[in-house]
Engineer: 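Quick one: structure below, then a few questions.
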Amino acid sequence: ALPIHLVDPERVLHILPDIEAFEAYCDARNLKKSNMKELLGIFARGRVGTAATFKYGHVLLSSVVWVAHSQSNDSIPLIGSREDMFKTLQNDHAMTCASLTVKDFLNGKKTEITEKSRHPRRTWSKTTQPAAIAQLRDGDSIVVAGAAATLPAAPPAHAASSPEDQ
């Protein structure tokens with residue numbers, strides 16, 4: 001569905017109006033189009049499957065995982081593989097939970113996790129996309145200072161009902 005809301009590895013939003021713009025984006029960055037199109041659920045001739053959630057560090061905005069912890073109201077966007085997400089939490093947010101615990105949390109086996117080795121303890125939970133994300137323009141970072149984790153997500157005004165658009 002159009003437009004395509006693509007997030008790059010640096011967490012910058014690219015709003016691409018159509019498949020031609022998506023292909024031009026891929027060409028400009030030397031990204032293999034047939035692989036990138038799997039994000040959109042488009043597969044090379046003869047292949048079947050389900051849409052990929054990330055390719056070359058890129059994700060659709062709808063595939064970003066949003067988390068928050070008990071000592072902050074800010075939402076933290078996580079992209080990439082589960083290992084990439086764990087490294088982001090560990091390196092950028094000093095999370096002390098074990099990799100397997102974080103993986104279970106990200107995969108939905110746990111609704112929240114608590115860092116027991118921190119004082120005061122921090123409890124992490126998944127949250128919704130911050131409403132402020134709907135106001136972003138092409139080229140803006142999805143890391144929005146003060147993007148409250150408790151606000152419900154609001155689809156962009158120009159979005160269709162498809163989750164790829166949000």
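Just so it is clear, the model here is predicted, and its values are computed rather than measured.
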Engineer: Closest approach of Met85 and Val65, non-hydrogen atoms and distance?
Structural biologist: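 That would be CE-CG2, 3.6 Å.
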
Engineer: Any side-chain heavy atom of Phe105 sitting closer than 4.5 Å to one from Leu100?
Structural biologist: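 No, too far: nothing below the 4.5 Å cut-off.
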
Engineer: Quick one: which residue pairs count as a side chain to side chain donor-acceptor pair (under 3.5 Å) with a foot in residues 99-111, not counting sequence neighbours?
Structural biologist: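 Every side chain to side chain donor-acceptor pair (under 3.5 Å) pair that includes a residue of residues 99-111, provided the two are not neighbours, is Arg82-Asn107.
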
Engineer: Would you kindly confirm whether Leu136 and Ile79 end up in one hydrophobic cluster when ILVMFWY residues are joined by side chain heavy atoms under 4.5 Å apart?
Structural biologist: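 Leu136 and Ile79: one cluster.
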
Engineer: To the closest 0.5 Å, what do you measure between CE (Met36) and CG (Leu31)?
Structural biologist: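 So the CE of Met36 and the CG of Leu31 are separated by 5.0 Å.
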
Engineer: Run through Asp74, Ile113, Leu89 and flag the one making a side chain to side chain contact (heavy atoms under 4.5 Å, CB included) with Val67.
Structural biologist: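 Considering Asp74, Ile113, Leu89, a side chain to side chain contact (heavy atoms under 4.5 Å, CB included) with Val67 is found only for Leu89.
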
Engineer: So, the side chain of His93 versus the backbone of Met95: is there a donor-acceptor pair under 3.5 Å, distance only?
Structural biologist: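 Not at all, since once roles are kept as given, no pair shorter than 3.5 Å links the two residues.
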
Engineer: Are the side chains of Phe43 and Glu38 in contact, using a 4.5 Å heavy-atom criterion?
Structural biologist: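 Of all side-chain heavy-atom pairs linking Phe43 with Glu38, at least one is under 4.5 Å.
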
Engineer: Return the minimal non-hydrogen interatomic distance between Glu115 and Ala94, and the atom names on each side.
Structural biologist: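 Looking at all heavy atoms of both residues, the shortest contact is OE2-O, 3.5 Å.
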
Engineer: Show the nearest heavy-atom pair for residues Val102 and Cys97, with the distance to one decimal.
Structural biologist: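 That closest heavy-atom pairing would be CG2-CB, 3.9 Å.
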
Engineer: Taking all non-hydrogen atoms of both residues into account, name the closest pair between Pro77 and Trp66 and its distance.
Structural biologist: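 Answer, listing the atom of Pro77 first, then Trp66: CB-CZ3, 3.5 Å.
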
Engineer: Once rounded to the nearest 0.5 Å, what's the spacing between atom CG of Asp18 and atom CD1 of Ile4?
Structural biologist: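 Between Asp18 CG and Ile4 CD1, I get 7.5 Å after rounding to 0.5 Å.
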
Engineer: How many angstroms lie between atom NZ of Lys32 and atom OH of Tyr56, to the nearest 0.5 angstrom?
Structural biologist: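 Going from the NZ atom of Lys32 to the OH atom of Tyr56 covers 6.5 Å.
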
Engineer: Any donor and acceptor pair, going by atom type alone, linking the side chain of Asp84 with main-chain N or O of Ser81 inside 3.5 Å?
Structural biologist: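 Flag set: sc Asp84 to bb Ser81 pair under 3.5 Å.
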
Engineer: Examine the side chains of Thr114 and Thr123 and answer whether a donor and an acceptor come within less than 3.5 Å of each other.
Structural biologist: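 The answer is yes; a qualifying pair exists.
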
Engineer: Contact between His58 and His14 at the side-chain level, heavy atoms closer than 4.5 Å - yes or no?
Structural biologist: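 Counting from C-beta outward, His58 and His14 never come under 4.5 Å.
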
Engineer: Leu16, Val12: one ILVMFWY side-chain cluster at the under-4.5 Å cut-off?
Structural biologist: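 They do not share one cluster, since no chain of ILVMFWY contacts under 4.5 Å joins Leu16 to Val12.
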
Engineer: With rounding to the nearest 0.5 angstrom, report the CZ to CG distance, Phe86 to Leu106.
Structural biologist: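 One finds 10.0 Å between CZ of Phe86 and CG of Leu106.
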
Engineer: With a 4.5 Å limit on heavy-atom distance, are the side chains of Gln129 and Val64 in contact?
Structural biologist: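 Sidechains of Val64 and Gln129: no contact.
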
Engineer: Calculate, to the nearest 0.5 Å, the distance between atoms NE2 and OG1 belonging to His69 and Thr127 respectively.
Structural biologist: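 Separation between the atoms: 12.5 Å.
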
Engineer: Taking C-beta and beyond as the side chain, do Ile133 and Leu61 meet within less than 4.5 Å on heavy atoms?
Structural biologist: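 Of all side-chain heavy-atom pairs linking Leu61 with Ile133, at least one is under 4.5 Å.
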
Engineer: Tell me the closest heavy-atom pair linking Ile15 and Pro3, and the distance in Å.
Structural biologist: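 Looks like CG2-CB, 4.0 Å.
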
Engineer: Rounded to the nearest 0.5 Å, what's the gap from CD1 on Ile142 to OG on Ser75? Could you check?
Structural biologist: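 Here the interatomic distance stands at 10.5 Å.
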
Engineer: Between the side chains of Arg121 and Thr96, is a donor N or O closer than 3.5 angstrom to an acceptor N or O?
Structural biologist: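 The answer is no; no qualifying pair exists.
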
Engineer: Are side-chain heavy atoms of Asp8 and Tyr25 found at a separation under 4.5 Å?
Structural biologist: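 They are in contact (side-chain heavy atoms under 4.5 Å apart), so the answer is yes.
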
Engineer: Check whether any side-chain N or O of Arg11 sits under 3.5 Å from a backbone N or O of Val7 as a donor-acceptor pair, and report yes or no.
Structural biologist: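 Flag not set: sc Arg11 to bb Val7 has no pair under 3.5 Å.
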
Engineer: Could you check whether any side-chain heavy atom of Val59 comes within less than 4.5 Å of a side-chain heavy atom of Leu6, counting everything from C-beta outward?
Structural biologist: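 Side chain of Val59 against side chain of Leu6, heavy atoms only: no contact under 4.5 Å found.
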
Engineer: If you compare all heavy atoms of Cys26 against all heavy atoms of Lys33, which two are closest, and at what distance to 0.1 Å?
Structural biologist: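 The pair with the smallest heavy-atom distance is CB-CG, 3.6 Å.
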
Engineer: Is there side-chain contact between Leu40 and Ile19, with heavy atoms separated by less than 4.5 Å?
Structural biologist: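 Sidechains of Ile19 and Leu40: in contact.
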
